[in-house]
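Encoded as structure tokens, the structure appears first; notes follow it.
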Amino acid sequence: MSFSKDVKEELARQISPARHCRIAEIAAIIIFGGEYVYNPGGRSYVKVSTENLTVGQKYFILLEKTFKIRPEVTVRYSHNALSYHIAVYEASEVESILKAIKVIDDNGSDNNTGDIVNRIIIQNTCCKRAFLRGAFMVAGSVTDPNKSYQFEIVAGCEAKSAEIQDMLIAFGIESKHTLRKKNHIVYVKESSRIADILNIMEAHVALMNLENVRILKEMRNSINRKVNCEAANITKTTEASFRQQQDILYIRDNIGFGNLSKQLREVAALRIEYSDASLKELGMMLHPPLGKSGVNHRLRKLSEIADELRRQKEDNYANKEN
């Protein structure tokens, strides 16, 4: 079972005790997953189609509990998939639904305000939550957090996508918009914001599962960063030790250690003998012990002496050639 399906099944079990919230959720389901026609004295209907049985059952229960309506359900098989069509045809029942979601006014006239959803329907914060829940149920998806992070709602038209974005902003969540196969999509990729959306829709079990995955990923990333950092430090230390040994051997083979100060001779001898030792470990072997910066200073001085010897050798060779 997909994470998205898990979320929808959790949301499907939530039937708000408040009628105004149920109406807001019904409005979202019809707007994002349905169609309607209202023709007094003629053909009227409200239809919602979905390939998700859970969504169909939730919509059926909402209509029954809110309006005492038992819609007709048709199951169709096409393109190797089942689809569920929940429809209300009785004119009085259609009128009740459309009046409740403010598509028509109390007189049965078009109540178009220019908005996708009448502001009265979503004036309360709890109703905004319900509306987002309904929109996600019929037109949304969320990826498995073990693989990636993406929450999206297929809004269809630009006006619907703007409605969803505005509603998310009301909860302090920034979202993005894109066009995919002529459909306007609202999406969020940040895991923390997806967690916030799940909380808004009251998908608390899914939220807990997402947070568990996030914690595990952060732990893995932290461990990987630490391992990579340690590996890089080991490589850096090994390379530095090799260069230091080469410089010390060059000095020994060209002028010997007799021309070096006592301090430099001690460090040079320890570095040759303990090639894998860190600067701190070398410093602890000296008498008296010396800190890392002091050991590094002496090794750097040895490197400078070796570089000077190399330059002198090159100059002498160049002079002989001339």
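Quick note: numbers below take in every heavy atom, side chains included, and nothing from hydrogens, waters or symmetry partners.
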Exactly one of E90, E93, E64 should register a salt bridge (Lys or Arg N to Asp or Glu O under 4.0 Å) with R70. Which one does? E64

When I31, I29, I30, V154 are each screened for side-chain contact (heavy atoms from CB on, under 4.5 Å) with V138, the one that passes is I29

So, does [X] use its side chain to make a donor-acceptor pair with the main chain of [Y] at under 3.5 Å?
X	Y	result
N296	K292	no
S161	A155	no
T143	S148	yes
S303	L299	yes
N124	C126	no

Find out whether the Lys NZ or Arg CZ of [X] is both under 6.0 angstrom from the six-membered ring centre of [Y] and within 45° of the ring's axis.
X	Y	value
K47	Y45	yes
K8	F136	yes
K217	Y149	yes

Can a salt bridge be assigned to the pair [X] and [Y] using a cut-off of 4.0 Å between side-chain N and carboxylate O?
X	Y	value
R310	D307	yes
E308	R311	yes
E152	R180	yes
E211	R214	yes
D166	K128	no

[atom2] on [Y] to [atom1] on [X], rounded to 0.5 Å:
X	Y	atom1	atom2	value
Y89	S44	OH	OG	12.0 Å
L309	D247	CG	CG	10.0 Å
L198	R193	CG	CZ	14.5 Å
I200	F171	CD1	CZ	5.0 Å
F131	I101	CZ	CD1	9.5 Å
L62	R22	CG	CZ	7.5 Å

Determine whether S78 and R76 make a side-chain contact, defined as any pair of heavy atoms from C-beta on separated by less than 4.5 Å.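 S78 does not reach R76 side chain to side chain.
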
Would you say that more than 12 heavy atoms from the other residues, nucleotides or ligands in this model lie under 6.0 Å from the [atom1] of [X], or not?
X	atom1	result
Y36	OH	no
D276	CG	no
K65	NZ	no
F257	CZ	yes
H297	NE2	no

Closest heavy-atom pair and its distance - F3, D144: CB-CA, 3.8 Å

Walk me through whether H204 and E202 qualify under side chain to side chain contact (heavy atoms under 4.5 Å, CB included). CA-CA 5 Å; H204 300 305; E202 299 177 298; 3.8 Å; yes

Give the intermediate values and the outcome of side-chain hydrogen bond (donor to acceptor under 3.5 Å, both in side chains) for residues H85 and S83. CA-CA 7 Å; H85 305 268; S83 60; 3.0 Å; yes

